[in-house]
Amino acid sequence: MTDYKSTLNLPLTSFPMRGNLAQNEPKALANWAKKDLYQLIRKNCAGRPKFILHDGPPYANGDIHIGHAVNKILKDVVIKSKTLAGFDAPYVPGWDCHGLPIEHRVEKKIGKAGAKVPFDVFRQKCREYAAKQIEGQKKDFIRLGVFGEWDNPYLSMDFQFEADIIRSLSKIVQNGHLHKGFKPVYWSVVGGSALAEAEVEYQDKVSTSIDVRYSPRDQSELLSKFVPTGEDLGNGEVSLVIWTTTPWTIPASQAISISAELKYALVEFDAQNEQDERFGLGKERVVLAAEMVNQVMSRYGVEDYRVVGLASGTSLENIECVHPYLERKIPLLLGEHVTTEAGTGLVHTAPDHGADDFTVSRGYGIETLNLVNANGVYSDKTEHFSGQHVYKVDEPVCELLAEKGRLVRKEKFKHSFPHCWRTKTPLIFRATPQWFISMDKNGLRESAMSSIKDVRWIPDWGQARIEGMVEGRPDWCISRQRTWGVPLCLLVHKDTDELHPNTNELMEKVAILVEEKGIQAWFDIDLNDLIGADAKDYVKVNDTLDVWFDSGVTHQCVLERRGELVEPADMYLEGSDQHRGWFQSSLLTGLAINGHPPYKEVLTHGFVVDAKGQKMSKSVGNVVAPMTVINKLGADILRLWVASTDYRSEITASDEILNRTADTYRRLRNTARFFLANLNGFNPETDLVAAEDMLPLDRWAVDCAYKTQNELKAAYDDYNFLVATQKMHHFCAMDMGSFYLDIIKDRQYTAKAGSAAHKSCQTALYHIIQAIVRWFMPVMSFTAQELWPNIPGNNEDSIFWETWYDGLFPNDVDAKISDNAWQTISKVKIEVNRQIESMRKEGGIGSSLEAEVVLFANEELYSCLSKLENELRFVLITSKATVRKGDGGSTTEIDGLGVEVSASENKKCERCWHRTEDIGVDSNHPDLCGRCVENVDGSGEVRHYA
RNA sequence: CCCCAGAUAGCUCAUCUGGUAGAGCACACGCCUGAUAAGCGUGAGGUGGCUGGAUCAUGACCAGCUCUGGGGACCA
């Protein structure tokens with residue numbers, strides 16, 4: 001028997017079936033770095049319209065987690081798909097470098113700035129620490145296959161950047177948005193600094209709640225306000241009872257707030273308390289909100305009590321009490337924040353330590369006392385408690401109150417309480433001088449609200465989200481009392497607190513210095529050098545800026561600064577938490593400086609959760625580490641996972657999902673490989689067949705790719721990568737794998753090499769793989785580049801500046817076999833497969849080429865199927881296929897179609913494996929069919945349709 | 001406590017404006033051995049989170065609830 005295998009055009013390629021991504025991707029990266037691929041892309045995209053995706057800087061601390069990976073990959077997919085769509089899309093990654101977290105790490109290593117280490121040394125150490133963190137993160141980001149200007153990223157600690165932050169602040173001052181305020185802000189006593197709202201997190205805390213008696217200065221005056229409910233106003237000492245969960249604020253107690261809306265009751269009772277006899281005074285009278293009497297008495301465990309008088313809240317305004325243990329007047333104030341949800345309806349008011357307290361007190365001309373130092377210790381002017389820490393003073397305060405007979409009740413109280421996000425310690429409110437960007441002083445809130453509408457928010461609910469936040473947010477406190485941050489660089493008058501009249505010029509002078517020497521320049525500068533004789537009247541503000549300000553002004557420090565970038569950016573793309581972070585800080589500074597938002601589109605993605613939908617946390621142990629995935633499966637798998645999930649809500653990651661993704665990847669890769677293998681020997685320069693000369697089936701395949709590509713363009717354009725990947729997969733697995741490729745194997749392998757039948761097919765394969773490789777590129781970049789040089793005729797060394805393949809073409813309107821006809825044929829094929837399968841189950845046949853089919857068709861189907869003439873068998877992959885009009889065979893799910901399958905009784909052609917009647921027609925080839933003889937010895941068979 | 005989003009086959013997702021749920025993957029079984037740590041075929045998988053309601057009819061509309069994620073408020 002002759003070995004005819006050598007006469008076949010079998011697939012051949014050096015492109016490996018298995019990607020070995022974990023091993024091969026690093027090699028590709030090294031290669032790309034060597035030829036400076038990113039700059040090559042820039043060079044090749046020069047002159048195209050720009051698309052600017054501006055990178056939101058990750059904080060320069062810690063290893064990258066899966067959230068970082070999702071964010072960077074999505075950005076990279078956007079960048080690459082925009083490049084594919086014909087844009088010049090540069091990407092300058094950046095890092096956020098200043099701020100508390102880094103300071104904490106450095107403190108742990110070398111000690112507190114100013115105490116153990118000089119400030120300048122400390123700042124230098126922070127700089128070095130951040131730089132090291134950046135190197136680590138950068139390495140991992142690059143490994144993800146994210147393209148960008150990694151050799152020259154932006155760092156918020158670059159001297160130039162630091163200087164531009166100062167210039168940005170200066171513009172905001174010029175535009176009248178800055179103001180100095182003095183009010184209670186969240187204060188981290190451990191961190192020793194004010195915190196922004198965004199830095200506050202709520203945790204459960206068990207506090208000591210106390211009920212405290214305040215005595216009226218003039219008992220009869222107070223009683224005169226009450227209308228007796230019975231015969232008299234009862235007996236016993238009179239006091240007003242407040243309830244608080246922060247005993248440590250009692251030293252700063254300056255007033256009691258009551259509500260104008262409420263009635264207050266005078267209650268007579270005897271709180272002889274079993275727990276601690278010190279709390280009870282015997283028979284006494286207290287003032288409580290009338291509607292809370294039952295609740296309070298029940299809390300005190302008192303059953304026997306009597307409401308003896310009632311008074312309106314308003315009538316009690318300005319009544320004076322005395323501090324429980326100090327000679328201090330405590331007036332009653334009317335405040336809208338007083339509610340009956342908890343407590344007594346009388347609210348202890350310490351303007352130093354509460355926002356409402358501050359506001360109410362200011363209305364009555366009561367100032368703050370400033371008893372608590374930055375480190376949380378009571379100052380010298382604090383009677384009884386000077387030198388003690390606020391965290392430790394609750395108990396001593398209670399002791400003192402009990403001793404003075406002022407404590408009615410003491411309990412443990414569990415509630416949610418603000419904590420410092422870094423140190424995880426409870427926060428206090430502390431009144432301090434701070435600098436604010438005012439939301440309303442110069443219309444910032446108003447312009448923000450209106451310009452939000454000019455931005456495209458993806459998904460659209462992002463707009464409502466940020467509107468809600470901007471609408472209700474307080475002024476932005478931008479000052480921090482920290483070391484590692486950009487200084488505010490303001491000079492204020494010693495007496496008047498006014499800014500220096502030449503503030504903006506001075507800030508520019510400082511900026512120039514900072515450009516040379518970094519932020520340390522401000523701290524080193526001698527005022528005499530800066531303002532000469534004025535130096536004696538002015539002091540430097542030593543506060544640093546909130547880090548959110550740093551990243552908020554990247555539109556100035558990066559977009560405006562770098563020639564290849566443009567402000568406003570086309571897109572900002574971050575996690576949905578940035579509505580209150582970067583999106584907002586950028587919006588506010590953009591408006592305060594330029595009068596417009598720094599972005600046109602804002603795309604947000606959700607957070608990564610585990611298989612059960614739970615958020616990932618180290619303590620739960622359900623984290624998926626990106627580098628683990630990459631080292632096991634490869635970056636292209638991770639990228640495909642990101643692209644194939646709906647990023648708008650939570651993004652689920654689990655071993656199963658990633659393994660499924662790897663399955664999908666293999667299918668895509670292997671389909672592409674099959675294209676390459678069948679293009680073996682094909683030279684597009686000489687072998688490409690004109691569209692009109694191609695076989696209808698091949699035309700159909702190109703048309704199918706053409707349609708798919710249009711869908712992909714739309715999907716990429718809409719940032720709908722999920723749809724894009726699904727369509728790619730469907731095309732590869734279904735349209736190609738189970739239909740077209742399966743069918744053309746026969747022709748591809750057995751037709752005479754170089755014949756029209758063969759070249760038509762290869763032409764289709766060529767066009768389609770050129771398209772596919774580009775479809776893959778934004779998502780599976782490593783694989784796309786690996787495929788690229790294996791495609792015949794591709795001499796360019798990189799795919800990464802290619803645009804959509806324009807060599808695809810739709811089917812002719814008057815095609816011999818229309819799209820509809822192909823669709824019908826494909827459905828018929830499925831029915832035929834069913835019948836073949838049932839025969840196979842009975843053991844009648846194995847391969848479908850062992851079968852012969854007869855199709856019984858109605859008029860319509862007949863005219864469709866008979867178009868293929870005797871080539872229908874190739875489409876059905878059977879050895880014989882005939883169509884007859886009328887009924888017959890097994891019924892199918894298609895109306896008017898019957899199918900009859902039988903095992904062929906003919907011999908099998910050794911070469912093409914079809915079973916035909918003409919095996920051995922040529923005595924030179926006794927084992928071949930006539931068709932194969934023609935292909936081996938003749939000029940090659942002629943195909944008309946498939 | 002309030003607001004937003006999501007809840008459809010083991011997994012990823014469809015199901016446009018209501019008319020007895022669809023793909024692909026995974027799985028099972030089989031075929032092939034000329035894509036071979038591949039390929040093809042067939043098949044089995046869903047009380048569409050729960051409960052009510054409107055409708056001739058709904059997974060899709062309304063109300064309430066549960067779970068998950070996100071955000072906000074309160075937290076004196």
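Letters go in sequence order (proteins before strands), and every chain restarts at 1.
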Counting Watson-Crick and G-U wobble pairs with both distances under 3.5 Å, what is the dot-bracket string for RNA chain B, 5' to 3', using [ ] for crossing pairs and | for pairs to another strand? (((((((..((((........)))).(((((.......))))).....(((((.......))))))))))))....
Only counting residues at least two apart or in another chain, list the ones meeting side chain to side chain contact (heavy atoms under 4.5 Å, CB included) with [X].
| X | value |
| --- | --- |
| A/R18 | none |
| A/D460 | none |
| A/M839 | A/I845, A/V901, A/A903 |
| A/S848 | A/I836, A/R840, A/I877 |

Check nucleotides 21-24 of chain B for protein N or O atoms closer than 3.5 Å to its own N or O atoms and list the pairs.
| unit_1 | atom_1 | unit_2 | atom_2 | d |
| --- | --- | --- | --- | --- |
| B/G24 | O2' | A/H729 | ND1 | 2.6 |

Pick base, sugar-phosphate or nothing for A/N678, based on heavy-atom distances below 4.0 Å to the nucleic acid.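 Contact class for A/N678: none.
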Sugar-phosphate, base or nothing in reach of A/I256, heavy atoms under 4.0 Å: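 Counting heavy atoms under 4.0 Å across all strands, no contact is made by A/I256.
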Under 30°, 30 to 60°, or over 60°: which ring-plane class applies to A/F674 and A/Y749, parallel, tilted or perpendicular?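 If you compare the ring of A/F674 with that of A/Y749, the planes turn out perpendicular.
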Check the interface with nucleotides 32-35 of chain B: list each N/O to N/O pair with the protein under 3.5 Å, or write none.
| unit_1 | atom_1 | unit_2 | atom_2 | d |
| --- | --- | --- | --- | --- |
| B/G34 | OP2 | A/K5 | NZ | 3.4 |
| B/G34 | O6 | A/E910 | O | 3.4 |
| B/G34 | O6 | A/R911 | O | 3.4 |
| B/G34 | O6 | A/W913 | NE1 | 3.4 |
| B/G34 | N1 | A/R911 | O | 2.6 |
| B/G34 | N2 | A/R911 | O | 3.4 |
| B/A35 | OP2 | A/Y749 | OH | 2.9 |
| B/A35 | N7 | A/K745 | NZ | 3.4 |

For [X], which residues count as a side chain to side chain donor-acceptor pair (under 3.5 Å) partner, sequence neighbours excluded?
| X | answer |
| --- | --- |
| A/T249 | A/T246, A/H348 |
| A/E850 | none |
| A/Q578 | none |
| A/R911 | A/T7 |

Within the sub-3.5 Å range, which N or O atoms of nucleotides 69-72 of chain B have a protein N or O partner, and how far apart are they?
| unit_1 | atom_1 | unit_2 | atom_2 | d |
| --- | --- | --- | --- | --- |
| B/G69 | OP1 | A/Q614 | OE1 | 3.4 |
| B/G70 | O2' | A/R465 | NH1 | 3.4 |
| B/G70 | O2' | A/R465 | NH2 | 3.4 |
| B/G72 | OP1 | A/R580 | NE | 3.4 |
| B/G72 | OP1 | A/R580 | NH1 | 2.6 |
| B/G72 | OP2 | A/R580 | NH1 | 3.2 |

Taking only the side-chain nitrogens and oxygens of A/T652, find out if one of them lies under 4.0 Å from OP1 or OP2 of B/C11.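 No, because none of the side-chain N or O atoms of A/T652 sits under 4.0 Å from OP1 or OP2 of B/C11.
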